[in-house]
Amino acid sequence: IMLTMLAEGKTIGIVLQKSEANSIQGLITPEYEVSPGQLFLIKDNNKLSLARLENYEYINEFYDEKIPIVKNILSENTSFDLLNMNTVIKAEMSIIKRYGHNSSPMPGSLIKALPEEKDENFLSEFYGVKNVSDYVKYGRLAGSDIPLLLDLNSVTMHVGIFGETGSGKSYDMRYLIYLLSNLKIMGKNTALPMIIIDANGDYADFATINMDLVSGGRKWIKKYVIREPKSDTETRLTIDLSLFTPKDLADFIISLKYGGNEINSLQSNLLDYVISQHDQKEYNNLLGKEEGISLIQQEISSNQNIKELGFSSSTARAVISALEIFKDRIIKRYKLVSNSSSINEQILDVIWKEKGLAIIDFSADGSPGVDIPTKQLIVSYISRLLLNYLTKAKYSGSQRLIAFVIEEAQNYIPSNDYPISANITKESLVTLATQGRKFGVSLFLVSQRPAFVDKYVLSMLNTFFFHRIYHEDLKYVMSASGGLPESLAKGLTSLDTGYVIVSGLMSALKVPALVRIPWDPRLGSYAGSVERIDRVLIEDSSK
């Protein structure tokens, strides 16, 4: 009965021949719009197979560029009708799934469009899964109304979302957040707990005007900013330095002096030595307050041990100067350090229990003027806090799960080709990527340039959402994902906005799939609060 239901799609073509075990050639009616990567069903008597269109061309039984009549055809208005009437689509297809058999379709088998989705029994049969309720319905398979099923149980294997500017990457992430905020499991509303590093304010509205989009299974939503809060929905972001080692802090403080891109090892070693003389619990008072900084500066300038250890007075002066920069920026300007940090293990507990959503707003509105090194310090802090919290929970017999979404991932785990230093985040995020899955961390890395994301961390991702990408990124995408079929790979650099290639463990299809994401005005209406320039210019000139 189910196979009959699957085969109800419209017949649009016929199989001509089989070239290899999983490859077939066929003819498709030109009235049916096709695109490489699209899926079709092949009906061979009572046997059904699922096939992907790899390549196609229009062929015509009448027209050949070598025949003498070609000039007459080109000069006649009726030539279009004449050629169109005799044109068919020659299709090369690959079998990607067989329903209850092992044979290949015979010549004469019917090529059918995917049928309409009927119910969960239909989806269960189509994908070959038992409980559709274990899956999230995502978008629609290209050319159909059948959703792609995403396996929630694979979410801890980490996810990459990549695409050039304007490819629909942020909209896709908003759509995923919406889906993961409105889960229904065993009849109960729930959500995947999430912390989002929001680079450009693309998700800030989820804490205010569009809160209802993500509150289906959530009881707690908050936005964190690095400025004075403007409303009840905002909280000032502060961190706890006691989670860092003396070496981490020394490297970070010295790197600020050099614009965040290099570290003077002598200066760092000196500061590391001085900080390590203090108890870790004191770090917030020591490095988070002006009097604490003055105390360290005094220790450096008056401590005889420092000279005996071989540090020169010029190195000491440079460290004192670096501490001054750290004080002016981190303590006075951003007021970032606090003994009672606004994101702590108690807050993570709330995020877990209330299936909450914490948005770290790094946009120009939420964190005006905040530089990348400071953002790196915060991301490193959250990643350490997350791992500590989830590790403790696991070892005390309570498995927990929190997703960590990082926009502009190349700023925190850059490859060697990217001209930015990220010592303080790289190590903690690599640890999170490698160890986190055991303890319930699900990383979502979002970037417009996968070539600039650390290759080792890319290799830890097991599900990919590829939007249109730059030519230079194609080989990195292919390498990271373990390769895509040629039909999908060659279209990656020209993929239409609104389409995405989903590959990896979360996909119930188990092979890369071309998916169309439905447009929802409320999900697409907020793009970092940037308005159309033409309208802004008109409004401005009329004032």
Side-chain angles (χ1 to χ4, degrees), residues 22 35-40 50-55 93-97 114 126-129 135-144 146-164 167-169 171-173 175-176 179-180 403 405 409 433 437 442-451 453 455-471 473-517:
N22 289 322
S35 59
Q38 202 169 328
L39 301 182
F40 300 90
L50 190 62
R52 178 177 56 228
L53 180 64
E54 300 295 349
N55 208 352
M93 307 175 95
S94 293
I95 302 298
I96 60 171
K97 185 180 179 68
L114 296 183
F126 180 79
Y127 285 105
V129 300
Y135 293 80
V136 176
K137 293 177 182 177
Y138 171 86
R140 297 288 181 267
L141 295 172
S144 83
I146 299 173
L148 176 66
L149 296 186
L150 298 178
D151 185 2
L152 265 178
N153 291 309
S154 297
V155 78
T156 54
M157 303 305 276
H158 307 319
V159 177
I161 300 171
F162 302 121
E164 67 183 45
S167 64
K169 171 180 80 280
Y171 177 83
D172 186 18
M173 190 66 240
Y175 176 56
L176 276 167
L179 293 179
L180 296 170
V405 180
R437 65 185 63 182
S442 176
L443 271 181
F444 283 71
L445 300 183
V446 187
S447 175
Q448 64 268 38
R449 294 303 310 270
V453 177
K455 309 299 173 292
Y456 182 66
V457 174
L458 275 186
S459 72
M460 294 287 111
L461 307 179
N462 279 292
T463 300
F464 296 89
F465 294 78
F466 293 124
H467 294 263
R468 184 175 62 252
I469 60 165
Y470 297 105
H471 283 277
D473 289 318
L474 193 55
K475 68 175 183 178
Y476 295 97
V477 159
M478 296 297 279
S479 160
S481 63
L484 293 173
E486 192 181 341
S487 56
L488 295 175
K490 68 184 179 185
L492 256 180
T493 55
S494 57
L495 204 59
D496 285 341
T497 300
Y499 282 84
V500 59
I501 294 167
V502 184
S503 170
L505 285 181
M506 281 186 79
S507 170
L509 206 56
K510 300 306 175 194
V511 293
L514 181 63
V515 179
R516 174 178 49 84
I517 303 171

Looking only at heavy atoms, what is the nearest atom pair of [X] and [Y], with distance?
X      : Y      : value
Glu54  : Ser94  : OE2-OG, 3.0 Å
Ala489 : Leu474 : O-CD1, 3.9 Å
Met460 : Arg437 : O-NH2, 2.7 Å
Ser144 : Arg516 : O-NH2, 3.2 Å
Leu458 : Pro450 : CD1-O, 3.6 Å
Pro512 : Ser503 : CG-OG, 3.9 Å

Q) How about Ser35 and Gln38: does a side-chain donor come under 3.5 Å of a side-chain acceptor? A)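 Side-chain D/A pair, Ser35 to Gln38: present.
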Enter the distance from [X]:[atom1] to [Y]:[atom2] here, rounded to the nearest 0.5 Å.
X      : Y      : atom1 : atom2 : result
Leu150 : Lys137 : CG    : NZ    : 12.5 Å
Phe466 : Leu488 : CZ    : CG    : 10.5 Å
Leu461 : His158 : CG    : NE2   : 7.5 Å

Q: Dump the intermediate steps for side-chain contact (heavy atoms from CB on, under 4.5 Å) on Leu39 and Leu514, then the final yes or no.
A: CA-CA 9 Å; Leu39 301 182; Leu514 181 63; over 6 Å; no
**Q.** Derivation of the side-chain contact (heavy atoms from CB on, under 4.5 Å) call for Phe465 and Leu176
**A.** CA-CA 11 Å; Phe465 294 78; Leu176 276 167; 4.2 Å; yes
Q) Around atom NZ of Lys510, are there more than 12 heavy atoms of other residues, nucleotides or ligands at under 6.0 Å? A)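 Counting neighbours around NZ of Lys510, more than 12 heavy atoms of other residues, nucleotides or ligands fall under 6.0 Å, so yes.
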**Q.** ring-ring contact (aromatic ring centres under 6.0 Å, His included) involving Tyr175 - partner list, sequence neighbours excluded
**A.**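 Once residues adjacent in sequence are excluded, the partners of Tyr175 under the ring-ring contact (aromatic ring centres under 6.0 Å, His included) criterion are Tyr138.
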Main chain of [Y], side chain of [X]: is a donor-acceptor contact present, judged purely on distance under 3.5 Å?
X      : Y      : value
Arg449 : Tyr470 : no
Arg52  : Pro36  : no
Lys169 : Gly163 : yes
Ser459 : Tyr456 : yes
Ser507 : Val502 : no
His471 : Thr493 : no
Lys455 : Ala451 : yes

Q. Can you name the residues that form a side chain to side chain contact (heavy atoms under 4.5 Å, CB included) with Val129, not counting sequence neighbours?
A.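 Result, side chain to side chain contact (heavy atoms under 4.5 Å, CB included) vs Val129: Tyr127, Val132, Tyr135, Leu149, Ala508.
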Q) Partners of Ala51 by side chain to side chain contact (heavy atoms under 4.5 Å, CB included), sequence neighbours excluded? A)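 Partners of Ala51 by the side chain to side chain contact (heavy atoms under 4.5 Å, CB included) criterion, ordered by chain and then number, come out as Ile42, Met93, Ile95.
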Heavy-atom side-chain contact between [X] and [Y] under 4.5 Å:
X      : Y      : value
Phe444 : Leu180 : yes
Tyr476 : Ile469 : no
Phe162 : Asp473 : no
His467 : Ile161 : yes

Q) Knowing that exactly one of Asp496, Leu495, Val500 qualifies, which makes a side chain to side chain contact (heavy atoms under 4.5 Å, CB included) with Arg468? A)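 For Arg468, the side chain to side chain contact (heavy atoms under 4.5 Å, CB included) test succeeds with only one of Asp496, Leu495, Val500, which is Leu495.
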Q: Please step through side-chain contact (heavy atoms from CB on, under 4.5 Å) for the pair Leu141 and Phe126, ending with a clear verdict.
A: CA-CA 12 Å; Leu141 295 172; Phe126 180 79; 3.8 Å; yes
Q | Worked check of side-chain contact (heavy atoms from CB on, under 4.5 Å) between Asp151 and Leu505 | A | CA-CA 8 Å; Asp151 185 2; Leu505 285 181; over 6 Å; no
